[in-house]
Amino acid sequence: MAYAYLFKYIIIGDTGVGKSCLLLQFTDKRFQPVHDLTIGVEFGARMITIDGKQIKLQIWDTAGQESFRSITRSYYRGAAGALLVYDITRRDTFNHLTTWLEDARQHSNSNMVIMLIGNKSDLESRREVKKEEGEAFAREHGLIFMETSAKTASNVEEAFINTAKEIYEKIQEGVFDINNEVRHTSLCFSFLLKPLHSSSVPVFPLFLLSVVFQQCVWFATLPLS
Amino acid sequence: MFGRSRSWVGGQGKTKNIHSLDHLKYMYHVLTKNTTVTDHNRNLLVETIRSITEILIWGDQNDSSVFDFFLEKNMFAFFLNILRQKSGRYVCVQLLQTLNIMFENISHETSLYYLLSNNHVNSIIVHKFDFSDEEIMAYYISFLKTLSLKLNTHTVHFFYNEHTNDFALYTEAIKFFNHPESMVRIAVRTITLNVYKVSLDNQHMLHYIRDKTAVPYFSNLVWFIGSHVIELDKCVQTDEEHRNRGKLSDLVAEHLDHLHYLNDILIINCEFLNDVLTDHLLNRLFLPLYVYSLVIPETSEERKINPQVSLYLLSQVFLIIHYHPMVNALAEVILNGDLSVFTPQTDILSTHKNTAGAGAVRCFTKPSESLERSLELSRQRGRKRTQKRPNYKNLGEEEDDERAGGGGGGGGAEEGWDDDSSRGVEREGGREKGKGTEGVGGGGDRSSKGSRASGETAEEIEMVVMEKCKVSELTEQNITDEEKTAAATRTHTQRSRPFLDMVYSALDCTTDDYHALFVLCLLYAVSHSKGINRGLLERLQLPVPDQEKSCYSLVLVERLIRVISQASQPDGKVRLATLELCCLLLKQSVLSGSQCIIKDVHLACLEGGREESLHLLRRFYKGEEIFLDMFEDEYRSMTSKPLNVEYLMMDASVLLPPTGTPLTGIDFVKRLPCGDVEKTRRAIRVFFMLRALSLQLQGEAETQLPLTRSEDLIKTDDVLDLNNSDLIACMVVSKDGGQAQRFLAVDVYQMSLVEPETKRLGWGVVKFAGLLQDMQVSGVEDDSRALNIIIHKPSANPHAKPLPLLQANFIFADHIRCIIAKQRLAKGRIQARRMKMQRIAALLDLPVQPSASEVLGFGQTSNASPSGLPFRFYEQSRRSPNDPTANRAVFASVDKVPGFAVAHCVSHSPSPLSSPSPPSSGSGSTGRCDSVTASTVSAQSPTDDAFLEHTPPSSSVGDGEGGDVTLVSSAPVAALAPSLTPASQPTISLLTDNSAETLSVESLTLLPPSDSPHLHPCTSHTPATLSLQRPDAVIAEEEEEDEEGEGDRKEEELQEEDGSPEEETVREETTDEAAKEVEEGDEDAPVEVNSDQQATEYVTEDTDVHSDTPDSPELD
């Protein structure tokens, strides 16, 4: 399938907050949420359309790799967007957000788009974290915020797509320097060739966002410590 | 992409419950009917496989019979069958997704075992998918990663086959180690790390990994890293105008990723693997590529990367990797080694045969064959001779050696760094070595025969041998090599240290500090590395943090000092980061515990540097407001963001030659200043750093910075005694619409909003306190009773969006009060800033301009006094609810007497020390009489303005125990030598409440400076410090006092004890200030004493005070 851009996302957050379920819910509509079944997956891809352009989202769950510093580090750096997930029925998962965010900020490029997600919004009766708290946290740290339910699929679509929109806007604003292609030429080249046959949409030069973040002025604003 | 196909399966509708065993049976039926994939049934099959996934997971969570059925019918075999039909992308992706989901979601161990039990999974792993399809690639690698996360001591047997020596999960994964897609590479790394972790508990697997895969994998990995490094270097070399920064930062991040990955492997601490890895890293990468590049002349073709790049990369290595055998060996070579490590050591070959590179020339060469091919060969060989275990490692190495020996083309990387003849020798050595190894362990040289049969037992022996020599090899290897070489080939005993020499000489900053920064980082990293023997560092007298020592490296320290003195030059090319690092290292070098062992001559040089920096800063010192803001801002940024070397070395921008322009987006500390403002900032920063360094080396505490210490400030919820304070009632309407009734009080440095304390009359609880200097006051257009007040938050990060601490409209009872408030605030702001400016001037040993002193003045002697005054005034009074008596004592006088007068009176008497002006103690009573005269004046001027009193601070503060107020007597001191008293701060000034005239007298509260405990340290040591630091200052003070004309002063003081200092100030020092005050529009009473408005103001205040004095018993 042809696409203009490929956005790589990662999903981060404590274990058990429903990261892989969110991922599956978004990437594969065929798995309908059912009450007595929890399914998740560590990788998924899906095509979306923004502003008339086909955009492919690749989403990588980073679960289970926390013990290796090199892995978390690389994941952050390779992604254009991150979904930071907590469980609204477990206060501790909310409390750990700061740590996650620090990690993300430290390792990622400064213009990675981070979306905060309060998952399991279907379990209203067991809610421990108020929506307002999530909103406040997001506002304080400059994140987009949403409450979702992987179970009922509520807001899942929006969460991923809004993140993509944000990234897309950054591209339009020139925040991501798409000319700064590095050493992934071969890969991009293969992508470029592949889509041609099936594409009715004009194929834009493909850019792997993960590798094209530019050192813009923000970089200077990163705190030293 | 799956979305469309939902609901395709027609049969689904018929089944009542798709999550059931029955449905699975139905699916099974579908599979049996469609064993061949065709265009027609493709969609059906995909949906069937998908549904099976769902049912299996549901079964795992709800109904175990589902799994039984799945196994019983061997449904996995159907999957394989479909896969093998080249069924196309659509089906492949579905299968891989299914497998991912299955292994990801299965929670029962037994279910997992069932799934893994009949080797189908391994068949799928080795299936040749179409990896050019990125989606298949991604699903495939995720599948492997999911599996690797399921590895443990039990499940590992399903993947690793001891008998056939197959470990598809691992070997298939590592083939993608250099895949262009970063996510794939990350997944490969995850898989390998998971495998290594599990291999710790499985000897056979460990042997397999080490013997069959470690050498091919690590040698290729090392080559991959090295290639990136060369690309990185090229990027630096070809850079023009910093255009390559984006790419460069990417390459740097990539290098960091590699180092972190290597470190993650090393800290799993699997010795077998670590030996091989260390060997490859050292001998194939770090030494030949990084270290060797340090000393190769620029013109030589052998130089692969530039010294600055190599220093930078080595710093990263030491900052990230702490594995002892490796970093210690590396440090040993850099700090203590010579070029002999790069010549072949034939004599050692026989003893160190187990380490791949020990005998070989250390060179950065391309592995002879691709990883995939190596693995393939090993498989084939494994199959042919399943009983034998060719030692792969030796095989690969031999080939490398041959390659090197053969010289020539092949990517230009092959040249060894020895001449041709030695290369020949080396080749011999390689051969020899190969044979030797073979003899011991049944090595894998294809040409060799014979010993292979020895098989397993031989290998065991090899292991043992390896264990034994490992330690010595890895830690001492280089030394031994070197010594042997030295003995064999040289006669001189003096060891040359070309690398260390290079490192030191790169500290030269005369033209720029491009190299110096990296050298400093490297030294810092080495000295902080946990993996390096302290002994090594101590032998070389390198700075070891937190350790007792009696001497330090003169060479290093002198070079550091040179950098420091260059930094303090006006046109110094030293960046702030370099300077900060320099100071750090210097401290590390000469501080031994709490002792400083620096030699006097060096200390003198440093003092010289500090002095220089002071002179430099003086040039930039201006009375402008912005200077104060910069000054404080720099201090904040310096203290809030101390240099983090690891982060510094993560920043690719420092790899490019130092630049001055902020247009690059490079952080200020990592570039040279651009323009006057930045030059000023730099000068300020340099001054701070050198001052801090100097103080620390001399074991003194900083007493004068920051200008505002947070502990001195009034804080929210403090409880203050506001009796006799000037309070203006107002309604505070915040931006978001909140309203509150508050009283506005203005302190010397702060304004605060208080509300009455319920328990004690006249006391108030602070609801908000903000610095006057950061305040902005403006009128409100349509309301003459209102003021708009914004107080900005001082921010350490200049880029952060300024966030106001307070943004509100203050509505007063009437426009008069409003004007008064405005004036007080505005004046307070100016004053607060002036006072701080004066303290800066004092820090810089600048003479205080008269105007400034006047401002301070406001009549205050306090500034002048050498002792540190408490910044705030309420120290004891607040937070004291528990100890009413104490408070009582302190405030006794205050309660009854208007503060101003009281304060002075009291102060004089108890403070013998204060005395530059002798009259102090006696003056109280005498003066009082005079005040009466003044009071007449005051009667006419009912209003008083803001004002201040001030308290004096002198040394006497310390003495005034027992509730007496201590005051410094001396006006003269005050006015004169502010420079001497940087620490001193005026006490609070509270505005009187204009509205209540009757009260005004009472309300003019000057709380005496209570002798707050925390002040003592200040007062007591400040003078000492000062005098030590600047003896000249002391002299100046004395002179100034003299000039002031003590005689006059005494008289006046005697006559008007209370008000005198103020009045005097006013009279004597007419000023620019006055003019400003005029502009502000004092609405003051008639001017009787002075025509000068300002003077009037003071006078009126004073007079008010005086008029009150008679009432106060205390005075008598």
Side-chain angles (χ1 to χ4, degrees), chain A residues 1 6 8 20 24 27-32 34 36-47 58 60 63-65 67-71 73-75 77-79 177 180-188 190-191 194 208 210-225, chain B residues 1-3 5-6 19 47 50 53-54 57-58 61-62 97 100-101 104-105 132-135 138-139 142 145-146 149 180-183 185-186 189-190 193 228 231 245-247 249-251 253 256-257 260-261 263-264 641-644 647-648 652-653 662 665-669 797 799-800:
Chain A
M1 271 168 272
L6 170 63
K8 280 180 269 183
S20 57
L24 184 66
T27 56
D28 200 337
K29 287 280 168 291
R30 298 169 304 168
F31 292 89
Q32 292 291 305
V34 180
D36 57 351
L37 178 65
T38 322
I39 307 185
V41 69
E42 291 198 347
F43 170 79
R46 189 181 144 185
M47 200 74 85
Q58 261 191 13
W60 301 75
Q65 289 126 51
S67 51
F68 301 116
R69 190 174 168 203
S70 62
I71 303 303
R73 203 197 113 81
S74 318
Y75 266 122
R77 210 170 54 74
D177 176 10
N180 191 9
E181 217 333 48
V182 193
R183 99 179 162 268
H184 289 263
T185 331
S186 56
L187 181 69
C188 287
S190 73
F191 284 169
K194 208 174 358 128
L208 277 188
S210 54
V211 294
V212 297
F213 293 107
Q214 189 194 20
Q215 304 274 320
C216 289
V217 183
W218 304 286
F219 218 80
T221 70
L222 277 181
L224 253 185
S225 53
Chain B
M1 74 212 81
F2 296 115
S5 59
R6 147 136 208 76
H19 295 133
E47 180 54 28
R50 194 201 64 78
T53 328
E54 216 172 302
I57 304 308
W58 174 84
Q61 292 168 6
N62 299 291
Q97 190 206 33
N100 263 324
I101 292 178
E104 161 83 12
N105 293 280
S132 64
D133 185 311
E134 42 133 11
E135 196 149 320
Y139 272 111
S142 301
K145 194 183 71 183
T146 308
L149 288 167
E181 163 62 60
S182 68
M183 287 295 182
R185 291 199 304 273
I186 298 168
R189 290 181 204 153
T190 315
L193 288 169
H228 270 116
E231 193 184 339
R245 262 184 70 209
K247 181 179 178 191
S249 77
D250 213 40
L251 287 165
L256 285 169
D257 275 357
H260 279 291
Y261 173 55
N263 190 49
D264 276 342
K641 293 193 298 185
L643 188 69
N644 181 319
Y647 290 160
L648 178 66
S653 64
I666 298 175
D667 201 10
F668 178 52
V669 298
N797 182 357
H799 305 286

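Since this is a predicted model, take the numbers as computed values, not measurements. So you know, we letter chains A, B, ... as the sequences are listed, proteins then strands, and number each from 1.
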Carboxylate-amine/guanidinium proximity below 4.0 Å for Arg73(A) and Asp257(B)
yes

Rounded at 0.5 Å granularity, tell me how far OH in Tyr75(A) sits from OG in Ser70(A).
10.5 Å

Part of Asn62(B) lying under 4.5 Å from any heavy atom of chain A
side chain

Given Asn263(B), Leu193(B), Thr53(B), the one with more heavy-atom pairs under 4.5 angstrom with chain A than any other is Leu193(B)

Hey, which of Arg189(B), Gln61(B), Met183(B), Lys145(B) has the most heavy atom pairs under 4.5 Å with chain A?
Met183(B)

Thr38(A) versus chain B, heavy atoms under 4.5 Å apart: side chain, backbone, both or neither?
both

Please look at Glu54(B) and chain A and tell me whether the side chain, the backbone, both or neither of the residue comes under 4.5 angstrom of a heavy atom of that chain.
both

Run the ring-ring contact (aromatic ring centres under 6.0 Å, His included) test against Phe68(A) and tell me which residues pass, sequence neighbours left out.
none

Short question: side chain of Arg30(A), backbone of Arg50(B) - any donor-acceptor pair under 3.5 Å?
no

Residues at least two apart in sequence or cross-chain that pass salt bridge (Lys or Arg N to Asp or Glu O under 4.0 Å) with Glu104(B), listed by chain then number, are none

